[in-house]
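In this text, all values refer to a predicted model and were calculated from it rather than measured experimentally. Values below: all heavy atoms of this structure, side chains included; hydrogens, waters and symmetry mates excluded. Throughout, numbering of the chain's residues begins at 1 and tracks the sequence.
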Amino acid sequence: VVVPPLVGIIYFGDTFLSVNSYELLEDIYINKNQFTTKSPVSKKQFSVLMTDSIVFQDTYHPEYTNKRKALSGAFFK
């Protein structure tokens, strides 16, 4: 089964994207992070599943810097 790198749907006027490629995620959250805003709607939806995830953690949270340093090795060669 081939999974496309990006899948999108517009549902009742809202756009939902599913990113299935680490290259796209790296581009969004590393290279263009200053232009990216994490949606409060997504945070509310996924906070039950990812309670302590860096994905939706505010940058001023005390644990954010340590988590980002730990993950940076996965994105940079």
Side-chain angles (χ1 to χ4, degrees):
V1 175
V2 176
V3 179
L6 186 65
V7 178
I9 186 170
I10 299 175
Y11 187 71
F12 291 110
D14 289 326
T15 304
F16 297 94
L17 295 174
S18 176
V19 181
N20 301 311
S21 164
Y22 76 89
E23 291 98 351
L24 290 176
L25 288 174
E26 180 179 20
D27 195 40
I28 292 169
Y29 288 115
I30 303 295
N31 302 333
K32 299 192 174 50
N33 190 38
Q34 63 184 346
F35 307 113
T36 304
T37 303
K38 297 172 185 110
S39 168
V41 174
S42 296
K43 184 175 182 176
K44 184 177 179 181
Q45 289 175 336
F46 294 110
S47 64
V48 175
L49 301 172
M50 303 183 326
T51 56
D52 199 25
S53 172
I54 191 173
V55 174
F56 298 109
Q57 199 167 48
D58 293 322
T59 54
Y60 56 83
H61 192 280
E63 296 176 0
Y64 179 80
T65 304
N66 293 334
K67 287 182 180 181
R68 184 176 170 105
K69 284 181 184 177
L71 283 174
S72 65
F75 293 104
F76 298 108
K77 297 177 183 179

Under the side chain to side chain donor-acceptor pair (under 3.5 Å) rule, collect the residues that match up with Tyr60, sequence neighbours excluded.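 Once residues adjacent in sequence are excluded, the partners of Tyr60 under the side chain to side chain donor-acceptor pair (under 3.5 Å) criterion are Asp58.
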Could you pull out the closest heavy-atom pair between Pro4 and Val2, with the gap in Å? CD-O, 3.8 Å
Which residues satisfy the side-chain contact (heavy atoms from CB on, under 4.5 Å) test with Glu23, sequence neighbours excluded?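 In terms of side-chain contact (heavy atoms from CB on, under 4.5 Å), with neighbours along the sequence ignored, Glu23 is linked to Ser21.
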With sequence neighbours excluded, what pairs up with Leu6 under the side-chain contact (heavy atoms from CB on, under 4.5 Å) test?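 Partners of Leu6 by the side-chain contact (heavy atoms from CB on, under 4.5 Å) criterion, ordered by chain and then number, come out as Leu17, Val19, Leu24.
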Under a single-linkage rule joining Ile, Leu, Val, Met, Phe, Trp and Tyr whose side-chain heavy atoms are separated by less than 4.5 Å, which residues share a cluster with Ile9? Tyr11, Phe12, Phe16
